[in-house]
Amino acid sequence: METLLLTVDEFVDNSENYTQAVDLLNNGEVVAFPTETVYGLGAVATDEQAVKKIFTAKGRPSDNPLIVHIGTIEEVEDYAVDIPEVAKKCMEAFWPGPLTLVMNVKPNVLAASVTPGMQTVGLRMPDHPVALNLLKVLKKPLAAPSANRSGKPSPTKAIHVFEDLQGIIPCILDGGMTGIGVESTVLDVTLDQPVILRPGGVTKEMLEQVIGSVLEPNFEQQKIESTPKAPGMKYTHYAPDAPVYLIDQDKNQIECAVEKLQQQQHKVALLAPQKFDDVNADYFFSFGDEHELEQMSGKLYDALRACDKTDATIILATVTERKGVGTAIMNRLEKAAGGNWYQQ
Ligand code: TXA
Ligand code: MG
């Protein structure tokens with residue numbers, strides 16, 4: 001299968017490219033498109049055969065539910081029931097935006113594979129002109145997980161999607177680099193107290209200002225059986241080929257680590273803020289300005305993917321404080337590292 005890479009930007013008339021994408025979707029095909037978080041691989045969420053193609057293309061376990069993307073808040077009632085007050089407040093405050101709300105699913109509307117054996121559905125209205133325009137022209141909901149092969153970091157550039165799914169999917173809408181760079185916050189609002197199943201761009205602090213106390217289990221608590229989690233969290237995620245070790249943003253410690261590892265014949269890739277570019281690592285991938293967490297989240301997956309193109313045998317990644325989007329960054333870094341820290 002040939003994979004079309006269609007550029008959609010604000011400077012030219014892209015209506016033909018949208019028409020092509022919408023025709024494919026209406027014919028039961030999958031199309032990759034940018035959102036403000038990461039690229040998604042979409043199919044019409046009411047079309048079972050089309051939704052199944054998402055799982056095949058990604059190599060995704062069939063018991064992992066998909067997020068349904070909608071173009072307006074009004075559509076929520078078409079797919080969810082018992083919509084709680086906190087959900088409405090969240091939609092008003094954060095939609096369109098990087099927040100997925102898990103609510104009770106309306107039976108027999110969405111394709112069964114979207115919510116495999118579940119009573120709930122994750123809904124989100126994305127904040128990206130391309131995603132919103134696609135939904136507006138299509139006038140149907142889009143089931144869309146991140147557009148990577150399962151086990152790879154989520155794509156933040158169209159080329160990442162192309163590398164993973166070339167020849168497997170018919171079309172990618174290229175809207176440039178995504179902004180936030182980590183996936184949406186997944187908030188379960190079906191429980192007495194809302195629980196963050198996956199941290200993202202809408203932070204605990206931001207949510208609590210609107211709906212009061214919210215639970216956010218940490219990496220260790222997530223391992224406990226009774227902690228509510230997103231089904232997808234049990235699968236290994238985001239891991240590059242070489243093992244990743246976390247390290248503090250401490251120049252001296254990083255320099256010692258690199259030297260010691262190189263003495264052990266390792267090729268070391270260092271992922272760190274720009275100011276560490278003079279450390280003598282074999283490869284350096286910048287997280288940008290050390291004080292700009294948004295730069296770090298935006299560059300994280302690109303940097304992890306870049307490591308796979310090198311012959312690095314070990315990856316050192318600097319950590320950040322767990323504040324604001326730093327919580328989401330640390331969540332993804334801890335996964336990539338399997339919780340391992342570099343130890344002298
Ligand atoms: O930013 C994002 O959320 C991106 C863009 C494309 O929108 N999408 C995304 O989808 O990251 P995916 O499939 O890669 O991750 C969705 C996560 C999975 O961990 C899944 O288990 C969880 O959300 N999830 C989906 N529906 C759920 C539900 N009903 N209950 C609990 N968790 C759910
Ligand atoms: Mg994903």
Side-chain angles (χ1 to χ4, degrees), residues 30-43 45 51 54-55 57-71 79-80 87 94-106 110 112-128 130-132 134-135 141-156 160-161 164-165 172-173 175 178-191 194-202 222 227-239 297 301 325 328 331-332 335-336:
V30 295
V31 170
F33 62 96
T35 80
E36 79 280 30
T37 57
V38 300
Y39 274 76
L41 182 62
V51 170
I54 294 179
F55 288 87
K58 281 186 57 102
R60 182 180 178 101
S62 60
D63 62 349
N64 193 0
L66 304 180
I67 294 173
V68 176
H69 298 68
I70 51 178
Y79 312 111
F94 303 111
W95 281 8
L99 176 69
T100 297
L101 295 168
V102 171
M103 292 175 278
N104 289 328
V105 66
K106 190 172 201 168
L110 295 165
S113 299
V114 172
T115 57
M118 307 188 67
Q119 307 299 315
T120 57
V121 62
L123 293 175
R124 130 167 160 85
M125 180 180 173
D127 188 16
H128 191 288
V130 174
L132 286 172
L134 185 64
L135 288 164
L142 274 178
S146 50
N148 51 288
R149 286 281 300 173
S150 264
K152 286 273 178 193
S154 292
T156 51
H160 297 158
V161 183
D164 278 14
L165 300 175
I172 302 167
L173 291 178
T178 61
I180 297 168
V182 291
E183 305 84 348
S184 64
T185 305
V186 178
L187 184 72
D188 188 338
V189 288
T190 64
L191 306 158
V195 182
I196 295 176
L197 302 182
R198 177 178 75 181
V202 174
Q222 289 228 348
T227 308
K229 7 180 146 30
M233 300 310 238
K234 68 173 178 280
Y235 301 106
T236 14
H237 250 315
Y238 319 118
S297 67
Y301 287 148
V325 75
N331 170 273
R332 307 316 191 265
K335 287 216 158 101

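Atoms within a ligand are numbered from 1 in the order they appear, just like the ligands themselves. The structure presented is a predicted model; accordingly, all values stated were derived computationally and were not measured.
- Residue contact annotation: N64 has a non-hydrogen atom under 4.0 Å from ligand 1.
- Ligand 1 has no N or O atom lying under 3.5 Å from any N or O atom of Y39, backbone or side chain.
- At a cut-off of 2.8 Å, N148 is not counted among the residues with an N, O or S atom near the Mg ion (ligand 2).
- Taking a cut-off of under 4.0 Å to the non-hydrogen atoms of L197, the atoms of ligand 1 that pass are 31 (C), 32 (N).
- Residue P231 places a heavy atom under 4.0 Å from ligand 1.
- Considering only residues two or more places apart in sequence or on other chains, A328 meets the side-chain contact (heavy atoms from CB on, under 4.5 Å) condition with V182, P199, V325, R332.
- Using a 4.5 Å cut-off on side-chain heavy atoms (C-beta onward), P155 and D164 make no contact.
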### Query
Yes or no on side-chain contact (heavy atoms from CB on, under 4.5 Å) for V130 and Y39, after CA distance, side-chain angles and deciding distance?
CA-CA 11 Å; V130 174; Y39 274 76; over 6 Å; no

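- Taking a cut-off of under 4.0 Å to the non-hydrogen atoms of S146, the atoms of ligand 1 that pass are 8 (N), 9 (C), 10 (O), 12 (P), 14 (O).
- Comparing E36, R198, R124, E183 by heavy-atom distance to atom 15 (O) of ligand 1, the nearest is R198.
- Numbered from 1 in the order shown, with element, the atoms of ligand 1 that lie under 4.0 Å from a heavy atom of V121 read 29 (N).
- Nearest-residue assignment for atom 24 (N) of ligand 1 (options G42, G122, P65, P61; heavy-atom criterion): P65.
- None of H128, E183, R124 except one satisfies the side chain to side chain donor-acceptor pair (under 3.5 Å) rule with T37; the exception is R124.
- Taking a cut-off of under 4.0 Å to the non-hydrogen atoms of M118, the atoms of ligand 1 that pass are 28 (C), 29 (N), 30 (N).
- Counting only heavy atoms from C-beta outward, the side chains of V38 and H160 never approach each other to under 4.5 Å.
- Listed by chain and residue number, E48, V51, K52, F55 satisfy the side-chain contact (heavy atoms from CB on, under 4.5 Å) test with S113 (two or more places apart in sequence, or in another chain).
- Counting only distance, with no hydrogens or angles, the side chain of S184 and the backbone of P98 share no donor-acceptor pair below 3.5 Å.
- Residues I54 and P145 meet the side-chain proximity criterion, which asks for heavy atoms closer than 4.5 Å.
- Atoms of ligand 1 lying under 4.0 Å from at least one heavy atom of T120, given by number and element, are 28 (C), 29 (N), 30 (N).
- Between L135 and F33, every side-chain heavy-atom pair lies at or beyond the 4.5 Å cut-off.
- Residue contacts with ligand 1, taken as heavy atom pairs separated by less than 4.0 Å, do not involve Q119 at all.
- Taking every non-hydrogen atom of H69 and a distance limit under 4.0 Å, the qualifying atoms of ligand 1 come out as 5 (C), 6 (C), 7 (O).
- Per-residue contacts place G40 under 4.0 angstrom from the following atoms of ligand 1 (heavy atoms of the residue considered): 6 (C).
- Here the side chains of L187 and I196 are in contact, with some heavy-atom distance below 4.5 Å.
- Residue contacts with ligand 1, taken as heavy atom pairs separated by less than 4.0 Å, do not involve D188 at all.
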